[in-house]
Each structure stands twice: as structure tokens, then as C-alpha cells.
Protein chains: 4
Amino acid sequence: MIVYFKNMRTRDELKQEAIFEATVKLVNQTGFVAGSVAKIAREAGVSPATIYIYYKNKEDLLVSTYKAIKQKIGVAFLKDFDDSLPVRDILKKLWDNGFEYISIHSEYFHFAEQFSNSPYAEMVDRAEIEKLFEPVFKVIERGIAQKIIKDVPFEVLSIFIYFPIMTLSNKRLHGDLIITDEIIESAFKMAWDAIRY
Amino acid sequence: MIVYFKNMRTRDELKQEAIFEATVKLVNQTGFVAGSVAKIAREAGVSPATIYIYYKNKEDLLVSTYKAIKQKIGVAFLKDFDDSLPVRDILKKLWDNGFEYISIHSEYFHFAEQFSNSPYAEMVDRAEIEKLFEPVFKVIERGIAQKIIKDVPFEVLSIFIYFPIMTLSNKRLHGDLIITDEIIESAFKMAWDAIRY
Amino acid sequence: MIVYFKNMRTRDELKQEAIFEATVKLVNQTGFVAGSVAKIAREAGVSPATIYIYYKNKEDLLVSTYKAIKQKIGVAFLKDFDDSLPVRDILKKLWDNGFEYISIHSEYFHFAEQFSNSPYAEMVDRAEIEKLFEPVFKVIERGIAQKIIKDVPFEVLSIFIYFPIMTLSNKRLHGDLIITDEIIESAFKMAWDAIRY
Amino acid sequence: MIVYFKNMRTRDELKQEAIFEATVKLVNQTGFVAGSVAKIAREAGVSPATIYIYYKNKEDLLVSTYKAIKQKIGVAFLKDFDDSLPVRDILKKLWDNGFEYISIHSEYFHFAEQFSNSPYAEMVDRAEIEKLFEPVFKVIERGIAQKIIKDVPFEVLSIFIYFPIMTLSNKRLHGDLIITDEIIESAFKMAWDAIRY
DNA sequence: GATGAATGAGTGTTCATTCAT
DNA sequence: CATGAATGAACACTCATTCAT
């Protein structure tokens with residue numbers, strides 16, 4: 001049993017979280033371009049100056065938010081990761097994890113996408129992000145070695161097995177299409193057909 | 001007395017084109033956020049006020065530029081479109097056209113992508129854009145009817161046959177990978193494997 | 001006879017002058033530290049943005065204002081400069097010119113002094129300013145050569161013949177003392193006693 | 001139990017001194033304008049809030065610092081003051097004391113000068129400062145009575161006997177000139193020639 | 001048609017100061 | 001006594017847009 005004492009969470013943590021949420025929410029609502037520090041502050045219910053206590057500057061705010069989101073996404077994708085299963089099953093699990101997380105936190109994906117297409121994207125170390133997905137890389141490599149997966153660069157494989165998750169989760173890109181379990185299922189079949197040997 | 005010869009490009013057309021090019025160039029260089037009207041004007045060698053002669057406001061400038069680019073891309077993709085060929089060959093032709101055009105006009109794709117991830121994206125009528133690709137839709141429909149292509153919504157198919165072109169053309173997304181003819185070839189094979197029946 | 005047509009002065013010149021006057025006035029009233037761009041703009045009756053049409057940034061505004069003032073002061077000091085007179089008479093004329101100009105434009109001197117003690121002072125080329133006073137340097141050199149003036153570095157001489165003018169014009173430094181013609185006279189005698197051979 | 005020994009410097013005194021030094025240092029480094037309370041606090045190794053324990057507000061901090069410096073300077077100038085010597089010798093001693101102290105504590109002079117040219121200068125009682133130099137006034141008065149020194153207001157005398165020390169110590173005002181003992185010597189001769197009867 | 005000048009509203013950021021702990 | 005957190009107001013500067021010419 002977990003007991004939360006009064007003030008167990010300090011004032012700061014609450015505030016930092018409020019800023020995080022506000023940043024994500026605002027970018028979702030009005031886009032990266034219009035996401036000004038003042039607006040984020042108002043959304044978070046704090047003074048603009050307060051943001052500069054927790055973050056060095058706007059870039060730091062956005063980059064840190066992006067990294068935190070990528071961390072969350074990485075953990076969610078790898079939930080119940082089991083190395084010993086067949087490659088296809090592992091990828092299916094990742095795929096399902098992805099869509100499950102999206103259904104709960106689509107705003108994280110939207111933020112990540114907006115961020116990736118902004119000039120700030122260059123300020124994050126890609127290697128740092130990719131490390132989160134290293135177990136997946138290992139599986140893919142094994143699949144290639146066992147001639148289960150096509151022998152093409154990883155970047156190309158990801159276009160068919162990772163990006164579709166992002167694209168399907170993006171309302172702007174597929175308009176009125178409702179993402180049912182059936183569609184998720186058949187899309188995975190397509191992704192697997194694309195990459196399998 | 002001023003005489004305009006047939007097909008002569010008037011001063012105005014030249015200016016509008018200069019604004020178009022400047023808009024694309026600036027968004028490519030400094031991103032959507034930093035692409036201010038004043039900077040576009042300077043780049044185009046005109047006064048900021050002049051831009052408001054040709055476009056109602058900044059939104060109009062960007063949306064119009066996007067539409068014009070989409071038009072150019074649509075035409076390029078459908079070059080030498082031949083309805084009578086097998087479905088696979090038609091799609092392969094589109095695929096190759098796409099990469100050829102990208103190699104010449106990557107700045108158009110970059111602009112389009114930035115635009116898609118901006119709040120302005122909601123201001124364009126998707127149907128209008130999609131009309132450009134109608135012949136392709138027809139082919140796909142035929143493919144589905146003939147059980148050559150999987151019977152899934154068009155939006156899902158496009159994730160595997162259209163988006164990969166965009167993704168592969170985006171330097172930011174695939175890092176150091178150099179897009180060779182061989183990669184284009186094998187990526188198409190994967191796309192086709194994904195969508196074929 | 002000079003005729004001023006209506007609109008002979010363009011709108012801009014009036015505005016630039018208003019900004020110049022406002023800059024001087026504000027620094028006089030509230031000191032260099034408190035002289036913000038917004039306040040200067042309000043004083044000049046223009047928008048803050050307008051200042052950035054005429055000046056690149058705040059530094060440019062202040063440095064340009066300083067240079068313009070130094071120019072005015074230089075011209076005023078050298079009024080009716082006559083090379084052929086005895087050294088003492090030339091310096092006396094400069095001295096009197098200085099106090100005459102101060103009695104009309106003490107705000108220029110106050111601005112110049114404030115500027116000299118600000119970090120912006122380093123941004124002006126001293127040589128450029130000193131060129132305005134070159135004729136005086138020549139006279140001093142002659143005085144030294146003829147053993148009329150003490151043979152010490154020019155910087156030391158100026159402490160006794162130039163700085164006293166500035167100091168006496170500074171109300172803050174001499175408190176309640178009223179600068180009469182008699183004081184100006186006897187102060188020059190002291191200055192001359194200091195530098196003469 | 002905490003025991004304070006006689007003459008032991010308590011934590012508080014050390015902290016106040018740290019703030020004093022930090023204030024002087026920062027104004028020397030970045031000028032009066034950029035010397036923010038937060039920066040002074042960081043330089044002193046204390047919290048901004050701590051400064052408000054020792055000083056009512058920023059004005060109080062700066063004014064107090066100025067007064068303390070003026071006190072130090074006053075004491076230094078009057079070191080080994082001997083009423084019984086001839087007027088000229090007394091002033092020479094003051095002059096030499098001044099330059100000696102400048103060579104050790106130029107940062108105090110720089111601060112004092114910056115302060116004098118700030119709006120805060122009006123907030124100090126000049127009489128309070130002048131009292132420190134009262135013994136000098138007496139000597140001057142005696143000199144005037146004995147017809148050794150010119151009979152002009154004290155404010156005018158100080159322009160030739162006190163301000164030159166400040167001006168010569170100001171690197172910004174005399175550029176590349178290096179202040180040697182010889183220059184100090186001849187400058188005093190000039191100052192004396194200026195004021196002597 | 002084309003422009004440079006002009007601007008109110010906004011940008012990101014720092015300020016002096018207060019307050020709960 | 002000492003502090004880090006917090007803030008409204010100000011900072012220098014840029015924005016999209018309008019307007020007189």
C-alpha cells in the first residue's frame with residue numbers, strides 16, 4: 001500500500017509537470033509555430049518567468065519535452081518485450097503496444113511529429129533517442145541473419161514497420177478513416193509482407 | 001504604349017514567381033517558423049507591401065504556394081501515365097517519377113512537409129489536392145477489383161506506397177543513408193509486397 | 001533668401017529628429033541606465049518599432065546620437081577658429097565657445113558624459129571623434145614646439161584645458177555653484193597656468 | 001552552543017563583505033546597466049533574497065556600496081595627513097596617496113565613477129561625503145588666506161587638483177597612455193600651477 | 001502596380017522583489 | 001539568518017499588416 005503524505009510532491013514537481021502538459025497541449029492545439037512561451041505559461045497557469053526556472057530557454061523547454069516524450073513512447077513500445085519469441089510475434093507486440101499507447105496519448109505522437117519537422121529537431125542527438133529502441137534493432141538484425149527479414153538498411157525497414165504506426169495515428173493524414181482493430185491488424189499484415197524475406 | 005507579345009511574361013508574373021521561389025527557399029533554409037513576410041520579400045527582391053498585392057495575407061501566400069507545389073508534384077508523378085499497363089508497372093512508374101522529381105526539386109518536398117505540419121494545413125481542401133491523383137485512385141480500385149491489390153482502405157494503402165517516397169526523400173528522417181537506385185528499387189519491392197494481394 | 005516649400009522636409013527627417021531629441025532628453029532626465037527604447041519612443045511620439053527603421057538596434061541609436069552630438073560640439077568649439085592668433089588667444093576662444101554652447105545645449109554635454117561612462121563607449125572609434133578637434137591638436141603642438149606650452153602628453157594637457165569645461169558644465173559635480181562669466185574667466189586663467197610653459 | 005570570540009568575524013559580516021566585493025566586481029566587469037541583483041548574488045555566492053536581508057533594495061545596495069568606497073578612498077587620501085606641513089606638500093601627499101590607492105584599488109574608482117553617472121547619484125547626501133575631506137578644505141582655506149592659493153570657489157579648485165586624479169585613473173579617457181611616476185609628477189606640477197596664487 | 005514608412009501586438013527573456021519554508 | 005521558487009512588469013526586438021504616395 002502506497003501512502004501519499006501531504007506535500008509529498010513538492011510544489012516544483014507539480015509545476016514542472018503542468019508546464020510539460022501545457023507544452024504538449026498547446027503544440028497539439030495550435031501547432032509548433034504558434035506555441036509561444038507566453039501561451040504555454042498561461043496554459044500551465046504560471047508566469048512566463050517561471051518557465052525559465054525549470055528550463056534554460058525555449059529550445060531547452062521543447063527539446064526536453066521531446067526527449068521525455070520519446071522516453072515514454074520507447075518504454076510503452078517495449079512493454080512485455082520478450083526476446084525469445086519469433087521475430088514476427090515480437091514486432092506484432094510492438095505494433096500493438098504502439099497503437100494502444102497512441103489511443104491513450106495521441107497528443108504525445110502529435111507533439112513528436114511536430115517537433116521532428118521543426119528546426120529544433122537538429123538539436124537532439126539521434127543516437128540518444130535510438131538507444132531506447134536498441135532491443136528492437138537486435139531482433140531485426142537476428143531476423144535478417146536468419147533470412148526471415150529482407151536484407152535492406154534498417155532505415156528502409158523502419159519506413160514500413162515503424163512509420164506506419166505514426167502515420168495511422170495522425171488524424172490529419174488519413175482524414176475521416178477510423179482506426180479499428182481490423183485496420184490495425186491488416187496494416188500489420190502489410191507491414192510484415194513488406195519486410196519479410 | 002506598351003505592347004505585350006503573346007506568351008510574353010509580364011513584369012507581374014516574374015514578380016509573383018520570384019515571391020514563390022523566395023517563399024520555398026526561405027522555408028527550406030530557416031524553417032516555417034522563421035519564414036517571415038519581410039524576409040521572403042527581401043529574398044524575392046520586392047517590398048513586403050508588394051506581396052500583399054498578389055496574396056491576401058500570409059496564410060494565402062503559404063497555402064497558395066503549397067497548392068502550386070502539390071500541383072507540380074502531381075503532374076510530375078503522373079508523367080507518361082499509361083492506363084493500359086499492368087497495375088504494378090503503373091505504380092512503379094509513379095514511384096520512379098517521384099524519386100526523379102525529388103532529386104531535382106527536393107525543396108518542394110521539404111516545403112510541403114513543413115506545411116503539412118503547420119496549422120495552415122487545415123486551411124486547404126484535401127479533396128482539391130486529391131483530385132490531382134484521381135487517375136491513380138482509379139488504377140488502385142481496378143487493382144482491388146481484380147484481386148491484385150489488398151482490399152483495404154485507400155488511406156492504408158497510401159501509407160505503404162506513397163508515404164515511403166516522402167520519407168525516403170527526407171534527409172532528417174533517415175540520417176546518413178544515401179538513397180541509391182538500388183535502395184529505391186528494393187523499397188519499391190517492399191511497398192509492392194505490402195499492398196499486393 | 002531661402003524658401004521652404006511645404007513638405008520640403010520629408011516626414012522621415014522630422015521623425016528622425018524627434019527620436020534624436022527624445023533620446024537626449026530621456027538620458028538627461030532619467031540617466032543612461034533607465035533610457036529604454038520604449039520610453040524613448042513614447043517621448044518621441046512614435047512606436048518602438050519605428051526606431052528600428054532608422055537605427056539597427058539600441059546600440060546604433062545611442063552611438064549614432066553620441067556621434068551626432070560630438071559633431072555638433074566640435075563645430076561649436078571651433079567656431080571662428082583662427083590659426084594665426086597667439087596660442088593663448090586660440091584656446092581662450094575655444095574655451096569661451098565651449099561655455100557659450102553649453103549654456104544653450106547643456107543636454108548635449110550631459111548625454112555625452114553619460115555615454116562616455118557607459119559600456120557603449122567602447123563601440124565608437126575614438127580616432128573618428130578626435131579628428132574633429134585636429135586643428136586644436138595642431139595648435140597645441142605648435143605651442144609645445146615654441147616652448148609656450150609644457151611638453152607633456154596631449155592626454156595630460158586635455159585634463160586641464162578640456163575636461164574643466166565639461167566638469168564645470170556638470171551641475172551634479174559642482175552643486176550650487178553658479179557659473180558666472182567671472183568664474184569662466186578665472187578658471188581659464190587656472191587652466192592656462194597649468195599648461196603654459 | 002556557538003561561541004563568538006572577540007573580533008571574530010561572524011558569518012554575516014563575511015557575507016556582507018562578499019556582497020560588497022561582488023557588487024564592485026560586477027559593475028567593473030559589465031557596467032552599471034547590466035549589474036543585476038541576481039548576478040551580484042551569484043557572484044557573491046548567496047541567494048538574491050539574502051541581499052535583501054542586508055539591504056533594503058537595489059538602490060540601498062548601490063548607494064551603501066558607494067558610500068563605503070568613498071569612505072575608503074577618503075581615508076586613503078588622508079593617510080599620514082600632517083597639518084603642519086606647507087600647503088603644497090600636503091596637497092602633494094594627497095596626490096601621491098591618491099595614485100597609490102588607485103594602483104591597488106582601481107575597481108573602487110571605476111565603481112565610483114559609474115555610480116556618479118547614474119540616476120542613483122542624486123540619492124546620496126553630498127555633504128556627508130564631503131565631510132570626509134574636511135581637513136583638506138581647511139588647508140585650502142588657509143592657503144587662500146595666506147595668498148598661496150588663488151581665491152576662487154572650492155569647486156573650481158577641485159577641478160584642477162582633485163578631478164585630474166580621477167581622470168588620469170580612468171583608462172577609457174586617456175586611451176593608451178601609460179601612467180608613469182613621471183607623468184604623475186608633472187601632472188601635479190600642472191595642478192599646482194593652476195591653483196597657486 | 002509598387003513601395004518604404006509606420007505601427008500595435010507580439011516574441012523570447014531578464015528584472016527587482018517577495019514569500020513560504 | 002538564509003534560501004530557491006515565484007512573479008508581474010519591463011526589456012530589446014520582430015511580426016504581419018496597412019497606408020500615403
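Reminder, nothing fancy here: chain letters follow the sequence lines and each chain counts from 1. Model, not experiment: these values are computed from the prediction.
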J.: Not counting sequence neighbours, which residues clear side-chain hydrogen bond (donor to acceptor under 3.5 Å, both in side chains) with E59(C)? List them please.
T.: none
J.: For a quick test of reading the model: is some side-chain N or O of Y54(B) closer than 4.0 Å to OP1 or OP2 of dA2(E)?
T.: yes
J.: If you look at every heavy atom in A18(C) and A44(C), which pair is closest and at what distance?
T.: O-CB, 3.6 Å
J.: Classify the ring geometry between F115(A) and Y66(A) as parallel (under 30°), tilted (30 to 60°) or perpendicular (over 60°).
T.: parallel
J.: According to a 3.5 Å limit on both distances, what stems of 3 or more consecutive Watson-Crick or G-U pairs are formed with DNA chain E?
T.: E:2-21 with F:2-21
J.: By nearest nucleotide on DNA chain F, pick out whichever of I51(A) and G35(B) is the more 5' one.
T.: I51(A)
J.: Not counting sequence neighbours, which residues clear side-chain hydrogen bond (donor to acceptor under 3.5 Å, both in side chains) with K58(D)? List them please.
T.: none
J.: Can you list, in residue-number order, the parts of residues 22-34 of chain B that come under 4.0 Å of DNA chain E, counting heavy atoms only?
T.: none
J.: For DNA chain E, find the residues of residues 58-68 of chain A with a heavy-atom distance under 4.0 Å and give them by number; none if there aren't any.
T.: K58(A)
J.: Rounding to a whole Å, what distance do you find between L14(C):CG and dA5(E):P?
T.: 14 Å
J.: Run the side-chain hydrogen bond (donor to acceptor under 3.5 Å, both in side chains) test against Q29(A) and tell me which residues pass, sequence neighbours left out.
T.: none
J.: Identify, with sequence neighbours excluded, every residue that meets side-chain hydrogen bond (donor to acceptor under 3.5 Å, both in side chains) alongside N57(D).
T.: none
J.: Using whole Å, what does the distance between atom P of nucleotide dG12(E) and atom NZ of K56(A) come to?
T.: 17 Å
J.: If every non-hydrogen atom of N28(A) is compared with every non-hydrogen atom of F111(A), which pair is closest and at what distance?
T.: ND2-N, 4.1 Å
J.: Can you list everything that forms a salt bridge (Lys or Arg N to Asp or Glu O under 4.0 Å) with K72(C)? Sequence neighbours excluded, please.
T.: none
J.: What heavy-atom pair brings G35(A) and I40(A) nearest, and what distance separates the two atoms?
T.: O-CD1, 4.1 Å
J.: side-chain contact (heavy atoms from CB on, under 4.5 Å) with V33(A): which residues, sequence neighbours excluded?
T.: F32(B), V33(B), P119(B)
J.: By the salt bridge (Lys or Arg N to Asp or Glu O under 4.0 Å) test, which pairs, at least two apart or in different chains, include something from residues 35-50 of chain B?
T.: K25(B)-E43(B)
J.: In whole Å, what is the span from the CG atom of N57(A) to the C1' atom of dT14(E)?
T.: 13 Å
J.: Please find the pair of heavy atoms, one from K15(B) and one from T50(B), that lie closest to each other, and give the distance.
T.: CD-CG2, 4.4 Å
J.: Working to the nearest 0.5 Å, report the span between OG1 of T65(A) and OH of Y120(A).
T.: 11.5 Å
J.: V37(B) has a side chain; which of dT3(F), dA6(F), dT17(F) sits nearest to it?
T.: dT17(F)
J.: For a quick test of reading the model: is some side-chain N or O of K15(A) closer than 4.0 Å to OP1 or OP2 of dA6(F)?
T.: yes
J.: Between atom OH in Y55(A) and atom P in dA5(F), what is the gap in whole Å?
T.: 14 Å
J.: Output all residues satisfying side-chain contact (heavy atoms from CB on, under 4.5 Å) with A41(B), sequence neighbours left out; order by chain, then residue number.
T.: V46(B), P48(B), I51(B)
J.: Provide, to the nearest angstrom, the distance between the OH atom belonging to Y52(C) and the P atom belonging to dT11(E).
T.: 17 Å
J.: Could you state the atom-to-atom distance from CD1 of I53(D) to P of dA2(F) in whole Å?
T.: 6 Å
J.: Between the protein and nucleotides 8-10 of chain E, which nitrogen or oxygen pairs are less than 3.5 angstrom apart?
T.:
| from | atom 1 | to | atom 2 | distance (Å) |
| --- | --- | --- | --- | --- |
| dG8(E) | N7 | S47(C) | OG | 3.4 |

J.: Rounded to whole angstroms, how far apart are CD1 on I40(C) and P on dA10(F)?
T.: 16 Å
